[in-house]
Amino acid sequence: MEEWLYGSVDRIVFRNEQNGWTVLDLETESDGIQKVVGELPMVAVGETVKLKGEWAEHPNFGKQFRAAACERYLPTDTTAIYRYLSSGTIKGIGPSLAMKIVQAFGDGALTVIEKEPRRLAQISGISVRKAEEIGESFAAQFGLREVMLAFSQYGLTPSEAMRCFKRWGMKTVETVQNNPYVLCTSGIRIGFERADAIARDMHCAPDDPRRVAAGLLFVLRHNTGNGHTCLPQSKLIPTTAAMLEADAEGVEQQLYALEQAFELKRMDIESDTLWFLPPLYRAESYIASRLITLANTQPQPKPNMNGRVTAIEKNQHLLYEEAQRDAIFQAVERGVLILTGGPGTGKTTTVRGIISVLESYNEHVLLTAPTGRAAKRIAELTGREAKTVHRLLEVQWNEDDELVFARNEKNPLDADAVVVDELSMVDALLFESLLRAMPAGCRLILVGDSDQLPAVGAGRVLGDLIESGVLPTVQLTQVFRQAMESHIVNNAHRIVQGEYPQLHQKQGDFFFLPKPDRRSVVQTVADLCMRRLPDHYGLSLFGGLQVLCPGRKGELGTVEINRVLQYAANPPDDKKAELLTEGRLLREGDKIMHTRNNYDISWTRDDGEVGSGIFNGDIGILEAIEANGQSLRVRYDDRVAYYTKDDARDLEPAYAVTVHKSQGSEFDAVVIPLFGQQPMLCYRQLLYTAVTRAKKLIVIVGEEETVKRMVDNHRKTLRYTGLPYFLAESEAFGHETVG
């Protein structure tokens, strides 16, 4: 039930400067100090506020008021004005100076700062320049309010208005009115379609060159979401012209104008011209040059390698096969090594061997993987600490709200060797950042399965590196006897070799349930998840069991399967709040997935640590929908994240997820519905990736013919990347230099 809460801000407990999420103590007249949380970016100590929202009970921090709307009033009496000025809200004023200002101007102090800031120079210790800076800082507080008010008519959220204000300051409204397409520039995170709609409201012409330029940039940015680091000119121009309903010649003119303005980079290849956004051009060119340098680096020879490896074999009661032993030697003797192979071929055993040998020479080895689940898995398998790449590089955000890493060329990692697991999931930008953080002389061991689907982000790093043939690579192909006892492993290798999986075993860990039509497939999937697998294996959709779908659409897509499973696993209940966002129904108690990296979302660990940032593919439980849908609370393992209603657009039910979204994850049991898939989702690499997500049990439900068509279709996911060309250039240059 919504209520109003009125009081004076006593203390700011926590504030996320990126999105304005705030925790504060509010002094109320009747009930004393009350805890308030919400998106309150500019509320300051000493202000009087009137808040609209709901009371909620936090499991760790008790009763809180979750504010959905806020009216602010500047303090009027001298005591409150002093508290406001001494809080640090206005840059350049601390407690001592605040006291002098209040003593000099009394309850008119804020009026002086706003309208006659130069009068502050009458006070000892304040120069005319400092007085003007104080006035500008105070004006900025109101400038943001004006931006929020002006932009609200276009549907921009407070977080979006804040990002604009941080970029353009007091000129924000003027800047956007002059060119509304600046809203879809990098860092603002407002899509082209929304900016285009605002531009139409401002009567911008359809053939405005600014619109064409923004359209080109949008097409390139949009396609990074499809995995492309670049686009050929033969694709980029007609795609943009069709989207804008514009003349192709005019689009081409703007393309070269963007290059002249350094907003695009190009690479001429034999058959076409590749166009890049500058960060991706820089990333792939750097990756190529750094890896070629590593490949040409010969570390100091290590004595008695044979003896060390034999001792490890004896200690661990195993015998490395020839390729494993070769990989261990190359990892120690070369600057970079790629280790690849399918399930059951001993990649993890080989990685353990590499780490053990390096540690025996007192080398410091860091172990990393692209996702939390992948890092946890490799840590358990190797017995060493592993961190996500983001955590290893110490992710931070700069003043422009952009993702940066504390570890870089100037502050490299403390390591003699870095092992990267699940490299197939690492995109070009993240891999560039990792390479930049590697100190000189540090070895790099890259581990992954090149037959898996490529990264969700832009790039095809592992596939490009292996296919280039310019880097030391060991491919493990021998499947060990113990692994071959698993039908999951056996069938995975059959699939990747173009053979049909054995579908009709009656025992084991791999089952196929044939069904005559899609409707019966859906019914069987629901029965498996709600009755048969829980009864026989103790599994549930909230613990170890996951449905994987090839795509989102259709009767067997995640949208429809989630609707069915949501109703079965978490049915409607008068006691459970619901929220409809982006056409998706979210209900308290739902299993959900976060679908886009959002570095602004605040979270609190169970031990009280606070931070921000939720990543694409994170799966959790929607614990609460509060303040009439204005705020949500989601648990991700040992931390709770807080969402605004706008942030909730990145959430969707996760009883079923796409195979692409499951990358890097393993589940005890996987159920896959397959029946007459769309051609674009009917291919071998996707089936192989789905099958290899299961650790203990897999059930395919549907049509045997569909499984066979997927195996027969060996097309790889098409990605336009520049890395192969950069690698070829760097290798040629390296050979010329050596020669």
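These numbers were taken from a predicted model, which means no experiment stands behind them.
A distance of 8.5 Å separates CG of D107 from CG of D77, quoted to the nearest 0.5 Å. L255 contributes atom CG, which lies 5.5 Å from atom CG of L216 (distance to the nearest 0.5 angstrom). Considering NZ of K130 and OG of S137, their distance stands at 11.5 Å, rounded to 0.5 Å. Atom CD1 in I113 sits 13.5 Å away from atom CD in E136 (nearest 0.5 Å). The CG atom of D638 lies 11.5 Å from the OG1 atom of T604; values are rounded to the nearest 0.5 Å. With rounding to the nearest 0.5 angstrom, the CD atom of Q34 is 10.0 Å from the CZ atom of F65.
Annotation for F14 and S602: closest pair CE2-OG, 3.9 Å, computed over non-hydrogen atoms. Taking each heavy atom of R407 and P412 in turn, the nearest pair found is NH1-O, 2.8 Å. Considering every non-hydrogen atom in both A109 and I81, the closest pair reads CB-CG2, 4.1 Å. Nearest heavy atoms, P653 versus L585: CG-O, 3.8 Å. Nearest heavy atoms, P278 versus F262: CG-O, 3.8 Å. Heavy-atom minimum distance, V9 versus L26: N-CD1, 3.8 Å.
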Discussion item. Checking Y281 against W275 for the ring pair (Phe, Tyr, Trp, His ring centres under 6.0 Å) test, could you report, in this order, the C-alpha distance in whole Å, the side-chain angles of both residues, the deciding distance, and whether it holds?
Written reply: CA-CA 9 Å; Y281 182 93; W275 289 92; over 10 Å; no

Take L393 and L413 through the side-chain contact (heavy atoms from CB on, under 4.5 Å) test and state the conclusion after the steps.
CA-CA 8 Å; L393 300 181; L413 295 165; 4.2 Å; yes

- Task: Using the side chain to side chain donor-acceptor pair (under 3.5 Å) rule, take Q566 and D590 through it: C-alpha gap first, then chi angles, then the decisive distance, then the call.
- Result: CA-CA 7 Å; Q566 182 187 47; D590 271 340; 2.6 Å; yes

Tell me, with the steps shown, if H594 and L651 meet side-chain contact (heavy atoms from CB on, under 4.5 Å). CA-CA 5 Å; H594 186 92; L651 296 176; 4.1 Å; yes

Query raised in the report: Would Y6 and E29 satisfy side-chain contact (heavy atoms from CB on, under 4.5 Å), going step by step from the backbone distance to the final call?
Result: CA-CA 8 Å; Y6 186 85; E29 192 170 315; over 6 Å; no

>> Please evaluate residues Y642 and W21 with respect to the criterion ring pair (Phe, Tyr, Trp, His ring centres under 6.0 Å), reporting the C-alpha separation (whole Å), side-chain torsions for both, the decisive distance (0.1 Å), and the verdict.
In response: CA-CA 9 Å; Y642 304 96; W21 180 264; 5.7 Å; yes

Q) How far apart are the C-alpha atoms of L97 and K100, what are their side-chain angles, what is the distance that settles it, and do they pass the side-chain contact (heavy atoms from CB on, under 4.5 Å) test? A) CA-CA 5 Å; L97 200 53; K100 291 181 181 180; 4.3 Å; yes

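Ion pairing of R83 with D10 is present here, as a side-chain N (NZ or NE/NH1/NH2) and a carboxylate O approach within less than 4.0 Å. Ion pairing of D606 with R639 is absent here, as no side-chain N (NZ or NE/NH1/NH2) approaches a carboxylate O to less than 4.0 Å. Ion pair R605/D637 not flagged as a salt bridge, since none of the NZ, NE, NH1 or NH2 atoms sits closer than 4.0 Å to an Asp/Glu carboxylate oxygen.
Each side-chain hydrogen bond (donor to acceptor under 3.5 Å, both in side chains) pair with one or both residues in residues 207-224, not counting sequence neighbours, appears once here: D196-R211, D208-R210, N223-N226.
Judged by distance alone, with hydrogens and angles left aside, the side-chain atoms of T185 form no donor-acceptor pair with the main-chain N or O of Y181 at under 3.5 Å. With T368 contributing its side chain and V389 its backbone, the two residues share a donor-acceptor pair below 3.5 Å. For R200 (side chain) and A205 (main-chain N/O), no donor-acceptor pair under 3.5 Å exists by modelled atom type. Using modelled atom types, one side-chain atom of T28 and one backbone atom of G32 make a donor-acceptor pair closer than 3.5 Å. Within the 3.5 Å criterion, the main-chain N or O of W168 finds no donor-acceptor partner in the side chain of T175. Remark: the backbone N or O of N408 is not paired with any side-chain donor or acceptor of R436 at under 3.5 angstrom. No donor-acceptor pair closer than 3.5 Å links the side chain of R118 to the backbone N or O of A131. Between the R66 side chain and the G38 main chain, no donor and acceptor come within less than 3.5 Å of each other. Under a 3.5 Å cut-off, the side chain of T595 and the backbone N or O of D650 do form a donor-acceptor pair. Of the possible polar contacts, one joining the E47 side chain to the A44 backbone as a donor-acceptor pair under 3.5 Å is found.
Counting heavy atoms from C-beta on, the side chains of L183 and I198 come closer than 4.5 Å. A heavy-atom distance below 4.5 Å is not found between the side chains of Y154 and P180. Counting heavy atoms from C-beta outward, T22 and V37 have side chains that stay 4.5 Å or more apart. Residues L156 and R194 meet the side-chain proximity criterion, which asks for heavy atoms closer than 4.5 Å. Residues E652 and N562 have side chains not in contact (no heavy-atom distance under 4.5 Å, counting atoms from C-beta outward). A heavy-atom distance below 4.5 Å is not found between the side chains of V36 and Q64. Between L110 and Y84 the shortest side-chain heavy-atom distance falls below 4.5 Å. A heavy-atom distance below 4.5 Å is found between the side chains of L434 and L392.
Figure legend: R119 and F105 shown without cation-pi pairing, the cationic atom not lying both under 6.0 angstrom from the six-membered ring centre and within 45 degrees of its axis.
Of the residues E623, E57, E588, the one that meets the salt bridge (charged side-chain N to carboxylate O under 4.0 Å, His left out) test with R633 is E623.
Between the side chains of T644 and D647, at least one donor N or O sits under 3.5 Å from an acceptor N or O. A donor and an acceptor atom, one from each side chain of E3 and W55, are located under 3.5 Å apart. Side-chain N/O atoms of R649 and T581 include no donor and acceptor closer than 3.5 Å. For the 3.5 Å distance criterion, the side chains of N570 and K576 qualify, holding a donor opposite an acceptor.
Around CD of E193, the count of heavy atoms belonging to other residues, nucleotides or ligands within 6.0 Å does not exceed 12. Atom CD of E609 has more than 12 heavy atoms from other residues, nucleotides or ligands within 6.0 Å. No more than 12 heavy-atom neighbours from other residues, nucleotides or ligands sit within 6.0 angstrom of NZ on K265.
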